[in-house]
Asker: 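Would you mind keeping the following structure in view while I ask a few things?
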Amino acid sequence: MNMKIFSTFLGLTFITAIYGCGNSEIKAEKKKEKELTIATFKLKKDRLSTKLNLPGELIALQQVDLYAKVSSFVKSLKVDIGSEVSKGQLLMTLEAPEMTSQLAATQSRIKAQEAIYTASKANYNRLYETSKTPGTISTNDLDQALARKNVDLAQLEAAKAAYREVGSIQGYLTISAPFSGIISARNVNLGAYVGPSGKGSDLPLFTLQDQKNLRLAVSIPEVYTGYLKAGDVVSFTVKSLPNQTFTAKVKRLSGTLDLRLRSERIEMDVPNANKTLLPGMVAEVNIPLPASASTFVVAKKALLDTSEGLFVLKAVNGKAVKVAVKKGRETDDQVELFGNLTEGDNLIAEPTEEMHEGMPIKS
């Protein structure tokens, strides 16, 4: 019986010792946590100016593919690839023998209708003069003669319209330059069949480009669309001239986002009188993004990126408070912040995932 009492006493003593040690460790941990000093800084506003590097494409300011309007054969070629042409210059002549026959037929039809109209008009005029004598010509006969004359006149006008139509179509047998530029492609040879249908319509006869004036097209991501406006200057380089920097001014903004890329198309005009640059080149565009207003700017180390989102830790009354934020523009080591923040807030300089909401902070 005494042995049982002694064993029970030892057990209670052991449990008390363990419990006492556990409490001591917890108290020590809490004391250590209370004494933990964490570096903080005061949140302030600043202007963050950055640059955005994006690929762009140089394209001709004006470019057109020239096709044949009517079925025909190539009669003569006046230019070739690389030829510099001026507006209205003859590039090619085509021939369509059947159109000559059509033109002659319409001319004959005009002459026939002119003769018919002349006769019906003379008949009406005679009847009209005779009808002035009462009882000689009935009103019905006079009305019929007038109607005949009007029908013949309409037929004459239709014949003339058909002649003009054939003449207009015949005008398509000459291909001229719609603007000054360079012939960048030629896809036909002498004697080739061309037309709106058939093998000759697979490719354009010529491609004409204005290479002395180019446009630089760039797609700006949605987050940066508010920083550019017409007249802003950008710089760019091309791979073939890596040591040379070119400049251009923003000329046209699409004003809408591409539904697939969620970006806005922006174009700059690039003078290219000496033809140093070529349409189709890929350019590396450097777009300055000046700060238009003061925003909260912090070091990237002050952000806590977790699976739940992006946060900063704010010291409030000696304790840590998580604040959800969103990023704006950023440089190598700084970033714009947007969230429920106030200038002068005390933020932890380098938060870690071990730091939790409500943790005591001694700054």
Side-chain angles (χ1 to χ4, degrees), residues 59-125 145-213 215 275 279-280:
I59 56 180
L61 187 63
Q62 295 185 89
Q63 177 174 322
V64 65
D65 293 330
L66 300 175
Y67 289 87
K69 174 71 173 178
V70 295
S71 300
S72 53
F73 296 90
V74 177
K75 184 178 180 180
S76 66
L77 293 170
K78 306 296 184 181
V79 294
D80 208 331
I81 292 178
S83 297
E84 188 168 351
V85 300
S86 55
K87 183 178 180 179
Q89 181 177 333
L90 181 64
L91 308 180
M92 170 192 291
T93 59
L94 307 171
E95 60 180 352
E98 66 276 10
M99 290 192 64
T100 304
S101 301
Q102 291 177 9
L103 193 63
T106 55
Q107 284 178 321
S108 300
R109 194 173 299 115
I110 289 176
K111 291 179 180 179
Q113 286 302 133
E114 283 177 342
I116 294 172
Y117 172 67
T118 300
S120 61
K121 181 180 179 183
N123 181 55
Y124 170 75
N125 290 337
L146 178 60
R148 182 72 261 172
K149 185 191 81 165
N150 290 338
V151 168
D152 291 340
L153 177 60
Q155 293 291 338
L156 176 59
E157 293 300 326
K160 288 180 178 179
Y163 176 78
R164 288 194 297 269
E165 180 184 1
V166 175
S168 298
I169 294 175
Q170 201 169 35
Y172 293 129
L173 296 178
T174 57
I175 307 295
S176 301
F179 55 83
S180 299
I182 304 292
I183 300 297
S184 60
R186 189 203 82 181
N187 299 303
V188 292
N189 292 302
L190 289 174
Y193 169 77
V194 295
S197 62
K199 186 177 179 182
S201 64
D202 293 343
L203 296 171
L205 308 177
F206 293 113
T207 297
L208 177 63
Q209 293 180 332
D210 177 8
Q211 297 183 358
K212 291 185 178 180
N213 297 283
R215 64 178 73 192
K275 294 186 283 187

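Along the sequence shown, residues are numbered consecutively beginning with 1.
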Asker: Which pair of non-hydrogen atoms, one from L94 and one from A68, has the smallest distance, and what is that distance?
Answerer: CD1-CB, 4.1 Å

Asker: Hey, does S176 have a side-chain heavy atom less than 4.5 Å from the side chain of L90?
Answerer: yes

Asker: List the steps and the verdict of side-chain contact (heavy atoms from CB on, under 4.5 Å) for N187 and L205.
Answerer: CA-CA 5 Å; N187 299 303; L205 308 177; over 6 Å; no

Asker: Is the shortest heavy-atom distance from the side chain of Q102 to the side chain of I169 under 4.5 Å?
Answerer: no

Asker: Using a 3.5 Å distance criterion without hydrogens, assess whether the side chain of N125 forms a donor-acceptor pair with backbone atoms of K121.
Answerer: yes

Asker: Supply the atom-to-atom distance N123 CG to L146 CG, rounded to the nearest 0.5 angstrom.
Answerer: 11.0 Å

Asker: Would you check if the side chain of R215 reaches a backbone N or O of L61 as a donor-acceptor pair within less than 3.5 Å?
Answerer: yes

Asker: Distance check, rounded to the nearest 0.5 Å: I81 atom CD1 versus R186 atom CZ?
Answerer: 7.0 Å

Asker: About how many Å separate CZ of F206 and CD1 of I175, when rounded to the nearest 0.5 Å?
Answerer: 8.5 Å

Asker: Carefully, step by step, assess S180 and D210 under the rule side-chain contact (heavy atoms from CB on, under 4.5 Å).
Answerer: CA-CA 7 Å; S180 299; D210 177 8; over 6 Å; no

Asker: Under 3.5 Å, which donor-acceptor pairs link side chains of residues 155-162 to any protein atom two or more places apart or in another chain?
Answerer:
none

Asker: Write down the atom of F179, the atom of Q209, and the distance for their closest heavy-atom approach.
Answerer: CE1-C, 4.1 Å

Asker: Any chance you could lay out the side-chain contact (heavy atoms from CB on, under 4.5 Å) test for I183 and T207, step after step, and finish with the verdict?
Answerer: CA-CA 6 Å; I183 300 297; T207 297; over 6 Å; no

Asker: Which atom names give the shortest non-hydrogen contact between S71 and P196, and what distance separates them?
Answerer: N-CD, 3.6 Å

Asker: Please round to the nearest 0.5 Å and tell me the distance separating atom CG of L190 and atom CE of M92.
Answerer: 8.5 Å

Asker: Return the set of residues passing salt bridge (charged side-chain N to carboxylate O under 4.0 Å, His left out) with R148 (not counting sequence neighbours), or none when no residue passes.
Answerer: D152

Asker: Taking all non-hydrogen atoms of both residues, which atom of A60 and which atom of P279 are closest, and how far apart?
Answerer: N-CB, 3.9 Å

Asker: Give me the atom names and distance for the closest heavy-atom approach of L208 to A177.
Answerer: CD2-CB, 4.1 Å

Asker: Taking only residues two or more places apart in sequence, or in another chain, which ones meet F73 in a ring pair (Phe, Tyr, Trp, His ring centres under 6.0 Å)?
Answerer: Y193

Asker: Contact between K212 and E84 at the side-chain level, heavy atoms closer than 4.5 Å - yes or no?
Answerer: yes

Asker: Is the number of heavy atoms from other residues, nucleotides or ligands under 6.0 Å of Y163 OH greater than 12?
Answerer: no

Asker: Under 3.5 Å, is there a donor-acceptor pair between the S76 and T93 side chains?
Answerer: yes

Asker: Under 4.5 Å between any side-chain heavy atoms of L173 and V70, yes or no?
Answerer: yes

Asker: Kindly indicate, with the supporting measurements, whether the criterion side-chain contact (heavy atoms from CB on, under 4.5 Å) is fulfilled by L77 and V188.
Answerer: CA-CA 9 Å; L77 293 170; V188 292; 4.2 Å; yes

